[in-house]
Amino acid sequence: MKRVITFGTYDLFHIGHLRILERAKQEGDYLIVGVSSDELNDKKGKKAVFPLEERIEIVKSLKCVDEVFVEESLEEKDNYIKKYKADLLVMGDDWKDKFNWVSCSVKYLERTPNISTTYLKNSIGMVYKD
Ligand code: C2G
């Protein structure tokens with residue numbers, strides 16, 4: 001059984017998030033997802049709208065996701081890979097070559113165009129008034 005691992009914040013969960021998780025699952029049989037803690041987001045210079053518990057609840061509910069844990073640090077990536085016995089790390093290509101140092105295979109998948117949490121944050125206030 002091939003075990004795939006991927007990571008993300010998954011704030012304001014959108015179609016780009018769903019598609020990368022579904023494509024990650026297609027790379028193997030079992031999908032493990034590390035959801036970034038609020039503290040890790042602070043370090044990444046991001047502030048999530050939805051708290052960690054809610055982001056985890058949404059990701060956990062997806063058919064393609066088998067297991068979820070909290071990602072506390074980007075540098076711990078290889079420890080998570082070993083702990084969850086992952087054979088393949090999947091990331092979006094905004095992270096291209098950033099994680100080539102890990103001990104399993106790595107695949108960077110193309111991001112879904114024209115959608116992002118940043119775009120949503122900016123457009124909601126401007127376009128939807130009530
Ligand atoms: N994504 C995508 N298409 C989009 C937007 C996002 O394929 N239009 C992918 C990203 O490439 C990433 C995943 O969805 O693989 C989660 O994206 P984010 O929630 O923005 O995750 P990020 O904050 O980049 O955290 O250890 C790495 C980090 O935790 C990744």
Side-chain angles (χ1 to χ4, degrees):
M1 189 172 73
K2 186 169 174 187
R3 293 167 68 86
V4 181
I5 195 165
T6 192
F7 296 84
T9 306
Y10 308 105
D11 189 29
L12 300 179
F13 195 90
H14 58 67
I15 194 72
H17 295 145
L18 180 61
R19 286 188 182 149
I20 198 151
L21 290 171
E22 286 179 334
R23 285 184 295 156
K25 178 62 173 270
Q26 282 165 14
E27 295 286 333
D29 309 293
Y30 191 85
L31 180 62
I32 305 142
V33 184
V35 178
S36 301
S37 67
D38 293 325
E39 292 73 25
L40 175 54
N41 279 317
D42 282 346
K43 281 189 212 146
K44 285 194 254 177
K46 287 183 168 185
K47 174 126 187 67
V49 176
F50 293 161
L52 175 66
E53 293 69 29
E54 293 180 13
R55 292 184 283 112
I56 285 182
E57 202 175 325
I58 289 167
V59 172
K60 228 183 212 168
S61 74
L62 300 171
K63 243 194 288 177
C64 59
V65 173
D66 297 293
E67 197 171 340
V68 175
F69 67 95
V70 179
E71 179 195 29
E72 306 271 10
S73 155
L74 293 180
E75 292 76 32
E76 292 291 303
K77 205 152 249 92
D78 208 43
N79 293 333
Y80 296 129
I81 285 167
K82 287 180 178 138
K83 179 171 178 193
Y84 291 95
K85 298 182 172 37
D87 303 297
L88 175 70
L89 167 64
V90 166
M91 295 297 298
D93 61 5
D94 46 331
W95 290 94
K96 189 155 175 44
D97 293 337
K98 294 272 174 10
F99 298 117
N100 294 350
W101 52 272
V102 301
S103 57
C104 69
S105 313
V106 188
K107 244 189 190 176
Y108 301 95
L109 302 182
E110 212 176 292
R111 278 168 66 94
T112 299
N114 307 322
I115 182 75
S116 72
T117 299
T118 307
Y119 167 80
L120 287 173
K121 280 180 186 163
N122 294 336
S123 65
I124 286 170
M126 286 190 303
V127 178
Y128 302 99
K129 302 282 183 227
D130 47 15

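Atoms within a ligand are numbered from 1 in the order they appear, just like the ligands themselves.
The N/O atoms of S116, backbone and side chain alike, include none that comes under 3.5 Å of an N/O atom in ligand 1. At least one N or O atom of S36 sits closer than 3.5 Å to an N or O atom of ligand 1. Between I20 and ligand 1, no N or O atom pair is found at a separation short of 3.5 Å. Residue W95 places at least one N or O, backbone or side chain, under 3.5 Å from an N or O of ligand 1. Between F99 and ligand 1, no N or O atom pair is found at a separation short of 3.5 Å. On a distance-only criterion, N41 and ligand 1 share no N/O pair closer than 3.5 Å.
Close to ligand 1: K44, with a non-hydrogen atom less than 4.0 angstrom away. At least one heavy atom of L74 sits less than 4.0 Å from an atom of ligand 1.
A donor-acceptor contact under 3.5 angstrom links the side chains of S103 and D78, judged on distance only.
The heavy-atom pair separating L52 from D38 by the smallest distance is N-OD2, 3.6 Å. Between F99 and L89, the shortest heavy-atom contact is CB-CD2, 3.8 Å.
Both the backbone and the side chain of T9 come within 4.0 Å of ligand 1, counting heavy atoms alone. Heavy atoms of I115 found under 4.0 angstrom from ligand 1 belong to the backbone as well as the side chain.
T6 places a side-chain N or O within 3.5 Å of a backbone atom of V90 that can act as its donor or acceptor partner. Of the possible donor and acceptor atoms, none in the side chain of R55 sits under 3.5 Å from a partner among the backbone N and O of Y10. At distances below 3.5 Å, at least one donor-acceptor pair connects side-chain atoms of D11 with backbone N or O atoms of F50. Remark: the backbone N or O of K47 is not paired with any side-chain donor or acceptor of N41 at under 3.5 angstrom. Side chain of R3 to backbone of Y84: a donor-acceptor contact under 3.5 angstrom is found. The closest donor-acceptor contact from the side chain of Y80 to the backbone of E72 lies under 3.5 Å.
By heavy-atom distance, the residue among K46, E71, H14 lying nearest atom 23 (O) of ligand 1 is K46.
The atoms of ligand 1 that sit less than 4.0 Å from any heavy atom of K77 are 26 (O), 27 (C). Close approach of ligand 1 to D94 (heavy-atom distance below 4.0 Å) involves ligand atoms 10 (C), 11 (O).
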